Amino acid sequence: MSDKPSVLFVCVKNGGKSQMAAGLMRHLAGDRVQAYSAGTRPGAALNELSVASLDELGIDLADEKPKPIDPDLLHTVDVVVTLGREAQVEPIPGVRIINWDTDEPSERGIDGIERMRLVRDDIRDHVQHLLSEFTP
């Protein structure tokens, strides 16, 4: 196990929110934190608007693809963060599991890239808070 803090971000499809959170953590933390992402029911591709919204910040997800939760990784990370209301991860002894019920602008009639920017910025606020816990 590494001496660096580690976090696994989980959403259902691993095509949007969890990928955004991991990309933002890598961007903000550099090599101080190990960030991973996975899905409970991974989709076939990344959400294009999620990718575009991160690209606006200089964060490249080109090497990423949706993937399932790796059971070995799940038992070795320090924190598991579920994003949204649908992703569920069973409790694991010694692993902190938290949920971020992220903003959903579509519930207010906001769609497209504007929606994704709001989701990204909400996730970034959560990531910054978690990063401050890891690296005071």
Side-chain angles (χ1 to χ4, degrees):
M1 184 181 283
S2 172
D3 58 349
K4 292 181 192 178
S6 57
V7 58
L8 172 62
F9 296 101
V10 177
C11 67
V12 174
K13 293 184 180 181
N14 190 226
K17 293 177 181 178
S18 58
Q19 291 281 356
M20 292 173 82
L24 285 160
M25 180 62 83
R26 287 186 209 102
H27 180 74
L28 295 169
D31 63 357
R32 297 176 292 160
V33 175
Q34 293 178 313
Y36 307 95
S37 71
T40 56
R41 292 188 315 271
L46 298 185
N47 179 299
E48 291 179 21
L49 292 176
S50 293
V51 172
S53 73
L54 287 184
D55 191 51
E56 292 176 346
L57 301 179
I59 301 170
D60 184 9
L61 293 182
D63 292 335
E64 296 296 327
K65 62 180 181 173
K67 55 200 154 296
I69 296 171
D70 175 339
D72 293 332
L73 179 64
L74 188 62
H75 287 84
T76 61
V77 294
D78 297 302
V79 177
V80 173
V81 175
T82 57
L83 290 102
R85 299 172 189 142
E86 297 178 22
Q88 301 289 318
V89 175
E90 292 297 319
I92 300 148
V95 177
R96 180 178 165 207
I97 298 177
I98 56 178
N99 175 262
W100 294 345
D101 190 5
T102 55
D103 182 31
E104 189 42 72
S106 63
E107 294 174 353
R108 300 186 306 275
I110 302 170
D111 290 311
I113 192 66
E114 182 182 0
R115 169 188 173 262
M116 204 52 65
R117 287 177 182 137
L118 291 168
V119 170
R120 174 200 67 201
D121 293 347
D122 183 50
I123 292 172
R124 180 175 50 197
D125 290 345
H126 286 287
V127 167
Q128 287 173 325
H129 178 76
L130 182 60
L131 178 58
S132 72
E133 289 182 24
F134 284 150
T135 58

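As the structure is a prediction and not an experimental result, all values here were calculated from the model.
Shortest non-hydrogen contact noted between F9 and S18 is O-CB, 3.4 Å. Taking every heavy atom of both residues into account, S37 and N14 meet most closely at OG-ND2, 3.1 Å. Across all their heavy atoms, S50 and M20 have their closest contact at OG-SD, 3.6 Å. The shortest heavy-atom contact between A22 and A35 is O-CB, 3.9 Å. Of all heavy-atom pairs between N47 and L49, the closest is OD1-N, 2.8 Å. E104 approaches R108 most closely through the heavy-atom pair O-NH1, 4.0 Å.
Within a 6.0 Å sphere centred on NZ of K65, other residues, nucleotides and ligands contribute 12 heavy atoms or fewer. Atom CD of Q128 has more than 12 neighbouring heavy atoms from other residues, nucleotides or ligands inside a 6.0 Å radius. Counting heavy atoms of neighbouring residues, nucleotides and ligands inside a 6.0 Å radius, atom CD of E48 does not exceed 12 of them.
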Please list, one pair per line, the donor and acceptor atoms closer than 3.5 Å that link side chains of residues 116-123 to other protein atoms, with sequence neighbours excluded.
from: R117; atom 1: NE; to: E56; atom 2: OE1; distance (Å): 3.0
from: R117; atom 1: NE; to: E56; atom 2: OE2; distance (Å): 3.1
from: R117; atom 1: NH2; to: E56; atom 2: OE2; distance (Å): 2.6
from: R120; atom 1: NH1; to: S53; atom 2: O; distance (Å): 2.7
from: R120; atom 1: NH1; to: E56; atom 2: OE1; distance (Å): 3.0
from: D121; atom 1: OD1; to: R124; atom 2: NH2; distance (Å): 2.9
from: D122; atom 1: OD2; to: D103; atom 2: N; distance (Å): 2.8

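A continuous path of ILVMFWY side-chain contacts below 4.5 Å connects L28 to I98, so both sit in one hydrophobic cluster.
The side-chain heavy atoms of T40 and I69, taken from C-beta on, include a pair separated by under 4.5 Å. Counting only heavy atoms from C-beta outward, the side chains of D70 and Y36 never approach each other to under 4.5 Å. Looking at V95 and H75, their side chains never come closer than 4.5 Å, going by heavy atoms from C-beta outward. Between L46 and P66, the closest side-chain pair of non-hydrogen atoms falls below 4.5 Å. Looking at D72 and T76, their side chains never come closer than 4.5 Å, going by heavy atoms from C-beta outward. For the pair D125/W100, no side-chain contact is recorded, criterion being any heavy-atom separation below 4.5 Å from C-beta on. With contacts defined as side-chain heavy-atom distances shorter than 4.5 Å, the pair L24/L57 qualifies.
To the nearest 0.5 angstrom, Q19 atom CD is 9.5 Å from L54 atom CG. Rounding to the nearest 0.5 Å gives a distance of 4.0 Å between OG of S6 and CG of D78. Atom CZ of R26 and atom CG of L61 lie 7.5 Å apart (nearest 0.5 Å). Atom CD1 of I110 and atom CD1 of I113 lie 13.0 Å apart (nearest 0.5 Å). Note that the OG1 atom of T82 and the NZ atom of K17 stand 11.0 Å from one another [nearest 0.5 Å]. Taking CG of L131 as the start and CE of M25 as the end, the distance is 5.0 Å to the nearest 0.5 Å.
Between L74 and the choices V10, V80, I97, the side-chain contact (heavy atoms from CB on, under 4.5 Å) rule is met once, by V80.
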